[in-house]
Protein chains: 2
Amino acid sequence: MTYNTSALDGFAALGDPTRRAIFERVAARPSAVGELALGLPVSRPAVSQHLRVLKQAGLVRESPQGTRRIYRLDPRGIGAMRDWLEAHWTTALDAFKDFADAQADEETAA
Amino acid sequence: MTYNTSALDGFAALGDPTRRAIFERVAARPSAVGELALGLPVSRPAVSQHLRVLKQAGLVRESPQGTRRIYRLDPRGIGAMRDWLEAHWTTALDAFKDFADAQADEETAA
DNA sequence: CCTTACGGTAAGCCATGACTTACAATACGA
DNA sequence: TCGTATTGTAAGTCATGGCTTACCGTAAGG
């Protein structure tokens, strides 16, 4: 099973609560792996593995700085998700409006 | 571990490819469970279980119609995700801009 | 009524993945 | 050059969850 596996994997990446926490901390301030691990209830390797997933989803970028790797947001991944949601947002509203209208008609008829 | 478990569970819901396929089909046209299962490589109970998750995430709504249940989009869930992404979108752009500027300065200095 | 259609639920199987500890690699500082 | 700091990776464990088949409830229609 493959479906559309493109950049929409951002949803799977942000689906994990720990990963979402990491993402939000990186969003607040670019950080190294160790710093992130300090504020989280998981080990440093776990954070490292999560960052790899986030990176593959295009959600974060790393830039080496000495022996440390600074992680910052990458607009590409979040942009793709944003576009996808925005497209469905309008259709969702339209569909809901049609449904509400139909309900109203039903009420009137009854 | 709990983190923020509110309506952001939409990410976890849409993280699964099968669920995303179901969501897109419901977005294209409100459908019954059986119809959805016909066009997918999984059994009808599987679709039913996925719909439950999507419903709990506020992404779809069901409305009984005879023995059938018509599923349509629910704007609430997708709206929450949209807001969350939109907020981080701007910070992502800002952070990226700062980073790009710093890189440019570094280039100039070198 | 009795039958048929439709869909939710239970139980169980199995792959995925999140996490841990242990280890290897790399860059900096004394 | 040697020790230290920082991080990625390997291997293994364990829980989560996605899928299936079997079953039960319920609403229409003869």
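Sequence lines set the chain letters: A, B, ... in the order given, protein chains first and strands last, and positions in each chain run from 1. Atoms considered below: every heavy atom in the structure, side chains included; atoms not considered: hydrogens, waters and symmetry mates.
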J.: Are OP1 or OP2 of C:dT9 and a side-chain N or O of B:Ser48 less than 4.0 angstrom apart?
T.: no
J.: Tell me whether the side-chain N/O atoms of A:Ser43 come closer than 4.0 Å to OP1 or OP2 in C:dC19.
T.: no
J.: Looking only at atom types and distance, does a side-chain atom of B:Arg44 sit under 3.5 Å from a main-chain N or O of B:Gly34, one as donor and one as acceptor?
T.: no
J.: Should A:Glu35 and A:Arg25 be marked as a salt bridge (charged side-chain N to carboxylate O under 4.0 Å, His left out) after you check the CA-CA gap, both sets of side-chain angles, and the distance that decides it?
T.: CA-CA 10 Å; A:Glu35 307 174 36; A:Arg25 283 159 195 264; over 6 Å; no
J.: So, is A:Arg44 close to the C:dC19 phosphate, meaning a side-chain N or O under 4.0 Å from OP1 or OP2?
T.: no
J.: Here's a test of your reading of the structure: between A:Arg52 and B:Asp16, which maps to the more 5' nucleotide of DNA chain D?
T.: A:Arg52
J.: For DNA chain C, whose closest nucleotide is more 5', that of B:Ile70 or that of A:His50?
T.: B:Ile70
J.: Counting N and O atoms only, with roles assigned by atom type, does the side chain of A:Arg69 sit under 3.5 Å from a partner on the main chain of A:Ser63, one being a donor and the other an acceptor?
T.: no
J.: Does a side-chain N or O of A:Tyr71 approach OP1 or OP2 of D:dT6 to a distance below 4.0 Å, or not?
T.: no
J.: Ignoring hydrogens and angles, are the base of D:dT7 and the side chain of A:Gln49 linked by a donor-acceptor pair under 3.5 Å?
T.: no
J.: Measure all distances between protein nitrogen or oxygen atoms and nitrogen or oxygen atoms of nucleotides 25-27 of chain C, and list the pairs falling under 3.5 Å.
T.:
none

J.: With a 6.0 Å cut-off on ring centres, are B:His50 and B:Phe23 close enough?
T.: no
J.: Should A:Arg19 be listed as having a side-chain N or O under 4.0 Å from OP1 or OP2 of C:dA18?
T.: yes
J.: Looking only at non-hydrogen atoms, find the nearest pair between A:Leu59 and A:Met81 and report the distance.
T.: CD2-SD, 4.1 Å
J.: To the side chain of A:Ala32, which of D:dT7, D:dG8, C:dC6 is closest?
T.: D:dT7
J.: Just checking B:Pro45: base, sugar-phosphate only, or nothing, at a heavy-atom cut-off of under 4.0 Å?
T.: base
J.: Any idea which of D:dT20, C:dC6, C:dG8 is nearest the B:Val42 side chain?
T.: D:dT20
J.: Closer than 3.5 angstrom, by distance alone: can the side chain of A:Asp16 be matched with the main-chain N or O of A:Arg19 as a donor-acceptor pair?
T.: yes
